There are 2 protein chains.
Amino acid sequence: MKTRDRILLTALTLFNEEGEQNVTTVDIANEMDISPGNLYYHFKGKESIIENLYSQYDSGVAQLLKQSEIAQMSLEDHWYFIYVIFEEIYKFRFFYLNQTDILQRYHDISRRFKRLVKYKVKTIETLCQSLIETNALNDSLVESQQLAENISFTLLYWFPYQQLINPGEEYDKIIHKGVYQILSLIVPYAQLEDRTIAQSLLSIYHSRI
Amino acid sequence: MKTRDRILLTALTLFNEEGEQNVTTVDIANEMDISPGNLYYHFKGKESIIENLYSQYDSGVAQLLKQSEIAQMSLEDHWYFIYVIFEEIYKFRFFYLNQTDILQRYHDISRRFKRLVKYKVKTIETLCQSLIETNALNDSLVESQQLAENISFTLLYWFPYQQLINPGEEYDKIIHKGVYQILSLIVPYAQLEDRTIAQSLLSIYHSRI
DNA sequence: GTCTATATTAGGATAGAC
DNA sequence: GTCTATCCTAATATAGAC
């Protein structure tokens with residue numbers, strides 16, 4: 001593994017564990033047993049490392065969102081999609097845990113992050129629409145735009161919330177609870193026929209919590 | 001106004017506007033036209049200022065929550081209660097905007113913040129229970145504990161979310177939208193008779209957005 | 001209580017040898 | 001590519017005069 005990539009990986013791990021602002025360039029170098037000078041040979045500075053990590057995250061999620069537009073998805077695919085989005089966020093969770101700070105300090109990332117959030121909301125709205133069109137959701141009750149915003153809101157703050165409420169909880173459980181949470185946002189709007197399906201989905205996830 | 005209080009007020013304003021970590025003790029002193037040395041005469045340091053501000057916030061909210069336990073509240077009182085909680089959070093919004101960072105760095109505040117959140121969830125759960133007992137909400141559909149957590153979740157992250165999505169939005173609008181958001185979490189569970197009331201409430205708030 | 005001046009430290013970053 | 005040594009800056013904090 002090349003030093004450049006090891007720097008990115010080490011930085012990501014430390015940022016996720018300690019919080020971005022509690023990790024210095026020297027910390028990263030120490031953790032890898034290289035000198036700070038060496039680190040600066042590969043990257044202009046800390047900001048440059050973070051921007052690289054953001055690019056990884058951004059293109060990963062963008063690809064996922066694009067796929068969901070192309071593929072015709074079944075109801076179960078929808079849950080799987082939510083699940084995979086959560087996993088991608090988890091990998092780069094420090095962007096979410098220290099969101100406000102990072103967006104206050106790195107303007108370029110802020111711009112791109114906001115763009116991605118809008119793209120996410122739009123995609124989720126389309127998913128909700130498709131659930132209405134297949135009559136899984138009751139059209140009269142649901143404002144699909146409002147529901148999509150609720151789901152995005154949950155995706156955005158689920159990890160900070162869990163860190164606050166259940167610090168040290170394992171990765172799997174956190175994500176399962178997140179999917180459950182989103183499912184429970186949707187259930188009230190489900191048609192009577194599909195409500196049974198949805199509620200059995202709920203109980204499957206509930207058993208894993 | 002005593003210098004000590006002016007320091008607290010100035011610090012609060014700057015923290016809310018610029019973010020806690022972007023404001024130094026020298027910034028606070030400059031803004032007030034006093035010397036940094038003078039500031040350190042009144043407070044041991046930045047941490048001490050923040051702890052003082054947190055105490056103000058904590059006791060303010062705790063008092064509100066206590067009142068809600070004592071008083072018998074009508075349906076409209078409940079909305080007013082949510083509204084007032086939002087206002088209190090807004091006054092000290094930097095604790096919410098930079099939540100993870102502040103809780104990572106100031107352990108004493110972290111402890112107290114978590115305790116307050118638990119108290120909040122408990123109080124909101126009681127409110128939901130009372131809505132079920134007066135048959136405003138459908139008992140069979142709603143897990144009052146789940147609903148209470150959803151409402152708390154919204155209270156916790158509404159301001160960071162609005163800053164992300166609608167930066168520069170006015171204070172009134174943000175809070176109205178927040179109340180609307182919480183209302184829309186509850187409406188699906190409302191009994192048919194009360195649903196009309198709830199939905200008219202919704203449209204009142206909607207008109208103010 | 002308030003000021004000026006200064007010490008201390010930590011983090012980010014560079015220069016130059018190997 | 002990597003190291004050692006060093007610089008620069010910003011932020012916290014203190015000492016001592018007024």
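Protein chains get the first letters and strands the later ones, always in sequence-line order, with residue 1 at the start of each. Quick caveat, the model's predicted, so the values are computed rather than measured.
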Enquirer: Whole angstroms only, please: what is the CD1-P distance between B:I49 and D:dA11?
Expert: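 Answer to the nearest Å: 15 Å.
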Enquirer: For A:T10 and A:E31, test the side chains for any donor-to-acceptor distance below 3.5 angstrom and give the result as yes or no.
Expert: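 Absent: no donor and acceptor within the cut-off.
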Enquirer: Just by distance, with hydrogens left out, do A:T126 and A:E69 show a side-chain donor and acceptor under 3.5 Å apart?
Expert: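 No, because no side-chain N or O of A:T126 sits under 3.5 Å from a partner of the opposite role on A:E69.
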Enquirer: Check whether A:Y54 reaches the backbone of A:F113 with its side chain - one donor and one acceptor, N or O, closer than 3.5 Å.
Expert: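 Here the side-chain-to-backbone pair exists.
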Enquirer: Taking only residues two or more places apart in sequence, or in another chain, which ones meet B:T154 in a side-chain hydrogen bond (donor to acceptor under 3.5 Å, both in side chains)?
Expert: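 B:T154: no side-chain hydrogen bond (donor to acceptor under 3.5 Å, both in side chains) contacts found.
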Enquirer: Within the sub-3.5 Å range, which N or O atoms of nucleotides 9-12 of chain C have a protein N or O partner, and how far apart are they?
Expert:
{"from": "C:dG12", "atom 1": "OP2", "to": "A:T25", "atom 2": "N", "distance (Å)": "3.0"}
{"from": "C:dG12", "atom 1": "OP2", "to": "A:T25", "atom 2": "OG1", "distance (Å)": "3.4"}

Enquirer: Which class fits the ring pair A:Y157 and B:Y157: parallel under 30°, tilted 30 to 60°, perpendicular over 60°?
Expert: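 Because their plane-to-plane angle is under 30°, the rings of A:Y157 and B:Y157 count as parallel.
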Enquirer: Report yes or no: do A:R105 and A:N98 form a side-chain donor-acceptor pair below 3.5 Å?
Expert: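 Short answer, no.
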Enquirer: Any side-chain donor-acceptor pair under 3.5 Å between B:S55 and B:D58?
Expert: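 Side-chain D/A pair, B:S55 to B:D58: absent.
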Enquirer: Name the orientation class of the two ring planes belonging to B:Y96 and B:Y57 (parallel below 30°, tilted from 30 to 60°, perpendicular beyond 60°).
Expert: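 Ring orientation of B:Y96 relative to B:Y57: perpendicular.
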Enquirer: What integer distance in Å separates B:N30:CG from D:dA11:C1'?
Expert: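 Checked: the CG to C1' distance equals 13 Å.
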Enquirer: Strictly under 3.5 Å: I want the nitrogen or oxygen pairs between protein and nucleotides 2-4 of chain C, one per line.
Expert:
{"from": "C:dT2", "atom 1": "OP1", "to": "B:T3", "atom 2": "OG1", "distance (Å)": "3.1"}
{"from": "C:dT2", "atom 1": "OP2", "to": "B:T3", "atom 2": "OG1", "distance (Å)": "3.0"}
{"from": "C:dT2", "atom 1": "OP2", "to": "B:H42", "atom 2": "NE2", "distance (Å)": "3.0"}
{"from": "C:dT2", "atom 1": "O5'", "to": "B:N38", "atom 2": "ND2", "distance (Å)": "3.0"}
{"from": "C:dC3", "atom 1": "OP2", "to": "B:S35", "atom 2": "N", "distance (Å)": "2.8"}
{"from": "C:dC3", "atom 1": "OP2", "to": "B:S35", "atom 2": "OG", "distance (Å)": "3.1"}
{"from": "C:dC3", "atom 1": "OP2", "to": "B:N38", "atom 2": "ND2", "distance (Å)": "3.1"}

